[in-house]
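Only one structure is covered here, and it is reproduced in the block below.
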Amino acid sequence: MKLKSQINQVIKEAFSKAGIEHEPMSVSEATKAEFGDYQFNGAMALSKKLGKNPREIATEILNNLDFTGLLAKAEIAGPGFINLWLNPLWIASQCKVAAKDSRLGVGKRETPIKVVVDYSGPNMSKQMHVGHLRSTIIGDTLANLLTFLGDEVIRQNHIGDWGTQFGMLIAYLEEMGEDGSVSLKDLEQFYKDAKGRFDADADFADKAREYVVKIQSGDQHCLNLWQKFIDISLGHCEDVYDKLCVKLTREDVKAESFYNEDLPQVIEDLISQNLLKESDGAQCVFLEGEEIPVIVQKGDGGYLYATTDLAALRYRANVLGAKRISYVVDARQAAHFKQVFKVAKESGFVAEDVKLEHIAFGTMMDKGGKPFKTRDGGTVKLIDLLDEAVVKAKETINDKDNYSKEEVEALAKIIGIGAVKYADLAINRESNYIFNWDKMLSFEGNTSLYMQYAYARIQSIFRRFDGEIIGDIIIGDALEHRLSVMLLRFEDVLYRAAVDAAPNQITTYLYELATLFMRFYEQNPILKEGVDEETKMSRLQLADLTAKTIKQGLDILGIQVVDKL
RNA sequence: GCACUCAUAGCUCAGCUGGAUAGAGCAUCGGUUUGCGGUACCGAAGGUCUCAGGUUCGAAUCCUGAUGGGUGUACCA
């Protein structure tokens, strides 16, 4: 239900009838319940243009509003606000439609586009750490969201699988022989051991350097070892993705090395575009208004990540055919992306109509507001963090005796992982985010547990009720009214969140919805004695649609629900 | 130095294209006739939206400057 645009349409018609030849601004949600459901603030803005006082203009608009459809009432308030009340009968019928629809009334985009979402991007020489968390879950949410709205989403995991350290790592893997894959379980340790050998043994160090050259020149033996190493390392990542309920698979992997062959061509093409200049021995693109050039080839002939990114950009635009390419990467790389995007456009690698965007996010901080580290200052492995979340989640389960060991385990996983993800997604992605176990695992406030609890609570209603739900939705009081309107807003929220790539708009909405439901449920009994059949049926349907909306919303965030908590 | 970014209640955060008396949660205080899941709900208190100007009928939101924090600044990714 594109609620807002339907209301806008009514306003637009009123404009036309009133003979106002301006495009009306969009209505917005009423700031307070007493101001109705929506408000139109455009009369004040028109005052100067039309040379009339705003209340006069508002009156003209109001007199031409159509009250035979979705609007029930409108009032002029203050300097010229038009407060709008939706027709309860209309709301009820729309909720009914949504409840019956598998998509809850959320339409698919009329003109879907191909979108590449680049996220996660772990480095194969190291284990995933907390620094990868935000990219991974924000990116996954964006991909889920756009998929749900009907776009053709191509997930891209741009893993780091190339560079000098791999010579060392595969030389060490070869030396370990069969045991290599075993000790690789702890990549961190493996890296340290390899580095130890590298520093201590000159022969080994030579071999490592030799291997780098050999990989790059396509030596089969070394490439096999390299491939083995990548496979194992990627397996670790997949364990994390699995735990996180993130949908990345091997099909989504397009490693850095994938673009190797195109790199010389990137340079060639930049030369033929006259964009390249040599500076201090390096090949650079100097952009207007930028102090620092984009270096695409080092003095020694090596390529840089800007080169790879350019190759990736044109592959995504031209081969994959993407019209929107979204990079979910740490905010610290803003300058890099700004420059690379500019080069991509100026060189014609990427057509003008392709939207390139850096979905930047802030840093994860500890309780004290400092970057998140272990006690001894090391990086926190992502898998350890997730395991800890599951352990802590177990403590929140009240009656463990009612569940089998496996059930507790499964439940703890859903709660713990959901808490970690939700806490992150609920923050405006651009600001830094303070990680706090107690807060995220609380039932109170805007948390996944509150949402899961609300869902489970509704499910328990349906466990107690067995029968067929028939009849209409009847909006009987102010809370039912507000809840219903909130339910109809779902589509607007999702589309807005997709434009802004802002998961927190979804969490905010879900929290408001769940809160509103709790209030409604507190005040309006459903299965208690004395509730007449018609009212019961109506409220059951509202409860059902609320639960479905929460579930669908959380599903987009990659968070599961359970029938019992 | 330059560039980018942030500054909202004691704490953690919302606040969409400028709109009415700036909103939540936590913490604090008080309340809810056995409560369909009370891990809930209701209420109170809590603010110079860092500061100073400007634009506007109207500014937390836009512009300029100041202060304070964060980040980035040519051959790592």
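Predicted, not measured: the structure shown is a model, and the values here were computed from it. Letters A, B, ... mirror the listed sequences (proteins, then strands); counts begin at 1.
Put simply, CD on E444(A) is 9 Å from C1' on A40(B), counting in whole angstrom units. Regarding Q339(A), its CD atom lies at a distance of 9 Å from the C1' atom of A74(B), rounded to whole Å. Between the OH atom of Y303(A) and the P atom of A77(B) there is a distance of 13 Å, given to the nearest Å. Atom pair I458(A):CD1 and G37(B):P shows a separation of 12 Å (rounding to whole Å applied). The separation between Y119(A) atom OH and A77(B) atom P is 24 Å, rounded to whole Å.
With A14(B), G37(B), U21(B) as the choices, the nucleotide that has an atom nearest any side-chain atom of K32(A) turns out to be U21(B). Nearest nucleotide to the side chain of R332(A), out of A77(B), U71(B), C2(B): U71(B). Relative to the side chain of K4(A), the nucleotides U17(B), C36(B), G23(B) differ in distance, and U17(B) lies closest. Between U17(B), A20(B), A40(B), one nucleotide has an atom nearer to the side chain of S28(A) than all others, and that is U17(B). When distances are taken from the side chain of F81(A) to each of C16(B), C2(B), G19(B), the shortest belongs to G19(B). Ranking G37(B), U17(B), C76(B) by closeness to the L304(A) side chain, first place goes to C76(B). Which of A20(B), G72(B), C36(B) sits closest to the side chain of A335(A) comes down to G72(B). For S26(A), the side-chain atoms get nearest to U17(B) when compared with the rest of G19(B), A14(B), U17(B). Each of C16(B), G37(B), A24(B) was ranked by its minimum atom distance to the side chain of S460(A); first place goes to G37(B). Of the candidate nucleotides A40(B), G15(B), A74(B), A74(B) has the atom lying nearest to any side-chain atom of C284(A).
Checked by atom type, the side-chain pair Y422(A)/N446(A) shows a donor-acceptor distance below 3.5 Å. Between the side chains of Y305(A) and H336(A), at least one donor N or O lies within less than 3.5 Å of an accepting N or O.
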Write down the protein N/O and nucleotide N/O pairs, taken from nucleotides 55-61 of chain B, whose separation is under 3.5 Å; answer none if there are no such pairs.
residue	atom	partner	partner atom	Å
C57(B)	OP1	K48(A)	NZ	2.2

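Remark: K195(A) fails to qualify as a cation-pi partner of F198(A) under the 6.0 Å distance and 45° angle criteria applied to the six-membered ring. Annotation: cation-pi pair K2(A)/Y495(A) present, NZ/CZ under 6.0 Å from the ring centroid and within 45° of its normal.
Within the structure, a side-chain polar atom (N or O) of R519(A) is placed less than 4.0 Å from OP1 or OP2 of C42(B). For G37(B), the OP1/OP2 oxygens have no side-chain nitrogen or oxygen of R463(A) closer than 4.0 Å.
Separating the C1' atom of C49(B) from that of A44(B) is a span of 23 Å, rounded to the nearest Å. With both ends at atom P, the span from G10(B) to G70(B) equals 22 Å, rounded to whole Å. Taking atom C1' on both A22(B) and A59(B), the two are 12 Å apart, rounded to the nearest angstrom. Between A20(B) and A60(B), the distance separating the two C1' atoms is 15 Å to the nearest Å. Remark: the separation of the C1' atoms in U17(B) and C13(B) is 23 Å, to the nearest Å. A gap of 15 Å separates the C1' atoms of U12(B) and A7(B), to the nearest Å. Only the P atoms considered, U50(B) is 6 Å distant from U8(B), to the nearest whole Å. One C1' atom belongs to G1(B), the other to A9(B), and the distance between them is 38 Å to the nearest Å.
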Residues 508-518 of chain A, side-chain donor-acceptor partners within the protein, below 3.5 Å, at least two apart:
residue	atom	partner	partner atom	Å
T508(A)	OG1	N504(A)	O	2.8
Y509(A)	OH	M486(A)	O	2.6
T515(A)	OG1	Y511(A)	O	2.6

Atom pairs and distances, donor-acceptor, side-chain atoms in residues 452-469 of chain A, under 3.5 Å, two or more places apart:
residue	atom	partner	partner atom	Å
Q452(A)	NE2	Q560(A)	O	2.9
S460(A)	OG	R457(A)	O	3.0
R463(A)	NH1	D563(A)	O	3.2

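Side-chain to base pairing of D309(A) with A77(B): no donor and acceptor N or O lie closer than 3.5 Å to each other.
Heavy atoms of D161(A) sit nowhere under 4.0 angstrom from any nucleic acid atom. Residue contacts shown for N504(A) are limited to sugar-phosphate atoms, with no base heavy atom under 4.0 Å away. No contact: E430(A) has no heavy atom under 4.0 Å from any strand. Counting any heavy atom pair closer than 4.0 Å across all strands shown, N123(A) reaches no nucleic acid atom. Across all strands shown, I526(A) has heavy atoms under 4.0 Å from base atoms, whether or not it also approaches the sugar-phosphate. Among the heavy atoms of the strands, none lies under 4.0 Å from L449(A). Nucleic acid contact for A331(A): none, since no nucleic acid atom lies under 4.0 Å from a heavy atom of the residue. No engagement by D492(A) is indicated, since no non-hydrogen atom pair under 4.0 Å with the nucleic acid exists.
Across all strands shown, C41(B) forms a Watson-Crick or G-U wobble pair, both distances under 3.5 Å, with G31(B). Across all strands shown, C26(B) is found opposite G10(B) as a Watson-Crick or G-U wobble partner, with both distances under 3.5 Å. The pairing partner recorded for C36(B) is none, the criterion being a Watson-Crick or G-U wobble arrangement whose two distances lie under 3.5 angstrom. The nucleotide C4(B) finds its pairing partner in G70(B), both defining distances of the Watson-Crick or G-U wobble pair being shorter than 3.5 Å. Summarising the base pairing, U61(B) is matched to no nucleotide, lacking a Watson-Crick or G-U wobble pair whose two defining distances lie under 3.5 Å. Summarising the base pairing, C76(B) is matched to no nucleotide, lacking a Watson-Crick or G-U wobble pair whose two defining distances lie under 3.5 Å.
Here D532(A) does not pair with K536(A) in a salt bridge; the nearest charged N to carboxylate O distance is not below 4.0 Å. Look at R134(A) and D424(A) and you find a salt bridge, because one of the NZ, NE, NH1 or NH2 atoms lies within 4.0 Å of a carboxylate O, short of that distance. With respect to K355(A) and E357(A), a salt bridge is recorded, a charged nitrogen being found less than 4.0 Å from a carboxylate O. Electrostatic pairing of K12(A) and E23(A) counts as a salt bridge here, judged by a charged N lying under 4.0 Å from a carboxylate O. Electrostatic pairing of D118(A) and R316(A) counts as a salt bridge here, judged by a charged N lying under 4.0 Å from a carboxylate O.
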